[in-house]
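See structure below.
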Amino acid sequence: MLKIKKQAQSIYAFKETGGEVLDFQIEKDCLKLFSGEEILCEINDEIISNRLFRINKVILLDEKICILCNDEAHSYLIISCMTEGKFKYRIGEAALDFILLKNEAYIIYSEEGIFGNEYISYLEKGFLGRKDKLPLARLAFMKIDIFTGEITGLLDDTILETLIDVQSMSCNNKRIRILCYEENGDDFTLDYDLTSKKVRNKVVLDYTVSGLLSVGDDFYARYRNRIYKVDESMEITEEIIIDKKVYDEASSISNGYSEIVLESENEFNIVQLSKL
C-alpha cells in the first residue's frame, strides 16, 4: 500500500498508469491545481466562490484535466485541455462518479439525483424517442462529449423503470460495468459494451458490493476492507484484504482505474491493484 502525506488543500487525481496527489488553491472565482510547483490549470468561474463548492473527483488523461465538482444544488463537469481550451457543463444534480474515455465522459447518478427535480434539457432532442424534458440525472448512466456537450442516455426504459440508484462503475477497455440498486431491494451489475453500444449481462448479486474497479480485462468488487476479483458473472475468484486500521481511519474512500484511495486526516493510502 502506497502512503502519501496530505497537505491542507490536496486531492488525489486518477490516471491510467497510477495517480498523483495535486495541491489546489481557491481564491475568489479562481481554482488552481498544482503538481508540485507546476500549475497544471487555472480555472476562473463564479461557481468556485460558492462556499459549498467541492471537488469530487479529478482525472488526468492525454493532456486533459477533468474535474467533477458541485455547489449546493448542481453538479458540474469542468475540462481543461492544453490544446482545445476549457469547457464547463452543468450536469444535473448528484452526479456520483465519472470515467473518461478519449473525448467522452461517462457519468453515473445517485438516488438523490435520479429522483431529483432539476430539469435540464439535453439538446432538446429528447431521450429514446421522447420529446418531453426530464431531469438530466434521471438518465442514471449517460455519456457526454466533452467538446460538444452532446449527451446520450445509455439505459433504456425497462431498466430505468425499477432503477433507484447507481453506486459505482469501472471500465476494462471493452465494457463499462455499473453497480445498481433496484426498487425490489436487489443489487445488480450491468455491462455497457463499448463496441456494440448495448447494455447486457445483468447479474443479480447475492453479496454486498460498494465499489467496482478493473485491471486489464479483469473486474474487481470492493466491500469494506475486502476486495474481490470477480468473473463475468460476478463470481468471486480471489480475495484481497485491506489493512483494517487503515480502512477504519479513512474519512473517505474513492475508486479510479485500478486504484482505491483511502483518505484520512493526514495521508492518502493507495491500494494499487495492478501491482499486487
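Summarising the geometry of Leu155 relative to Ala140, their closest heavy-atom pair is CD1-CB, 4.1 Å, with the distance given to 0.1 Å. Here the shortest heavy-atom pairing between Val230 and Ala221 reads CG1-CB, 4.3 Å.
Take Tyr247 and apply the side chain to side chain donor-acceptor pair (under 3.5 Å) test, not counting sequence neighbours, and it matches no residue. Listed by chain and number, the residues in a side chain to side chain contact (heavy atoms under 4.5 Å, CB included) with Gln167 are Leu96, Asp165, Leu179, Tyr181 (sequence neighbours excluded). Tyr223 pairs by the ring-ring contact (aromatic ring centres under 6.0 Å, His included) definition with nothing, not counting sequence neighbours. Among residues two or more places apart in sequence or in another chain, the ring-ring contact (aromatic ring centres under 6.0 Å, His included) test is passed with Phe219 by none. Remark: Glu263 pairs with Lys6 by the salt bridge (charged side-chain N to carboxylate O under 4.0 Å, His left out) rule, at least two apart or across chains. Remark: Asp145 pairs with no residue by the salt bridge (charged side-chain N to carboxylate O under 4.0 Å, His left out) rule, at least two apart or across chains. For Phe14, the ring-ring contact (aromatic ring centres under 6.0 Å, His included) test picks out Tyr12, with sequence neighbours left out. Qualifying ring-ring contact (aromatic ring centres under 6.0 Å, His included) partners for Phe87, counting only residues two or more places apart in sequence or in other chains: Phe147.
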Which donor-acceptor pairs under 3.5 Å do side chains of residues 233-240 form with protein atoms, sequence neighbours excluded?
from: Thr237; atom 1: OG1; to: Lys229; atom 2: O; distance (Å): 3.2
from: Glu239; atom 1: OE2; to: Arg226; atom 2: NH1; distance (Å): 2.3

For residues 55-64, which side-chain N or O atoms pair as donor and acceptor with protein atoms under 3.5 Å away, sequence neighbours left out?
from: Asn56; atom 1: OD1; to: Arg54; atom 2: NE; distance (Å): 3.3
from: Asn56; atom 1: ND2; to: Asn70; atom 2: OD1; distance (Å): 2.7
from: Lys57; atom 1: NZ; to: Asp97; atom 2: OD1; distance (Å): 2.8
from: Lys57; atom 1: NZ; to: Asn255; atom 2: O; distance (Å): 2.9

Which donor-acceptor pairs under 3.5 Å do the side chains of residues 184-195 make with protein atoms, sequence neighbours left out?
from: Asn184; atom 1: OD1; to: Asp186; atom 2: N; distance (Å): 2.9
from: Asn184; atom 1: ND2; to: Asp186; atom 2: OD2; distance (Å): 3.2
from: Asp191; atom 1: OD1; to: Arg177; atom 2: NE; distance (Å): 2.7
from: Asp191; atom 1: OD2; to: Arg175; atom 2: NE; distance (Å): 3.2
from: Asp191; atom 1: OD2; to: Arg177; atom 2: NH2; distance (Å): 3.0
from: Asp191; atom 1: OD2; to: Asn201; atom 2: ND2; distance (Å): 3.0
from: Asp193; atom 1: OD1; to: Thr195; atom 2: N; distance (Å): 2.8
from: Asp193; atom 1: OD1; to: Ser196; atom 2: N; distance (Å): 2.8
from: Asp193; atom 1: OD1; to: Ser196; atom 2: OG; distance (Å): 3.4

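Between Glu42 and Gln25, the closest side-chain pair of non-hydrogen atoms is not below 4.5 Å.
Residue pairs that meet the ring-ring contact (aromatic ring centres under 6.0 Å, His included) test with at least one member in residues 256-276, sequence neighbours left out, do not exist here.
At a cut-off of 3.5 Å, with distance as the only test, a side-chain donor of Asn269 or Lys3 sits close to an acceptor on the other residue. For the residue pair Glu72 / Asn50, a side-chain donor-acceptor distance below 3.5 Å is found, with atom types taken as modelled.
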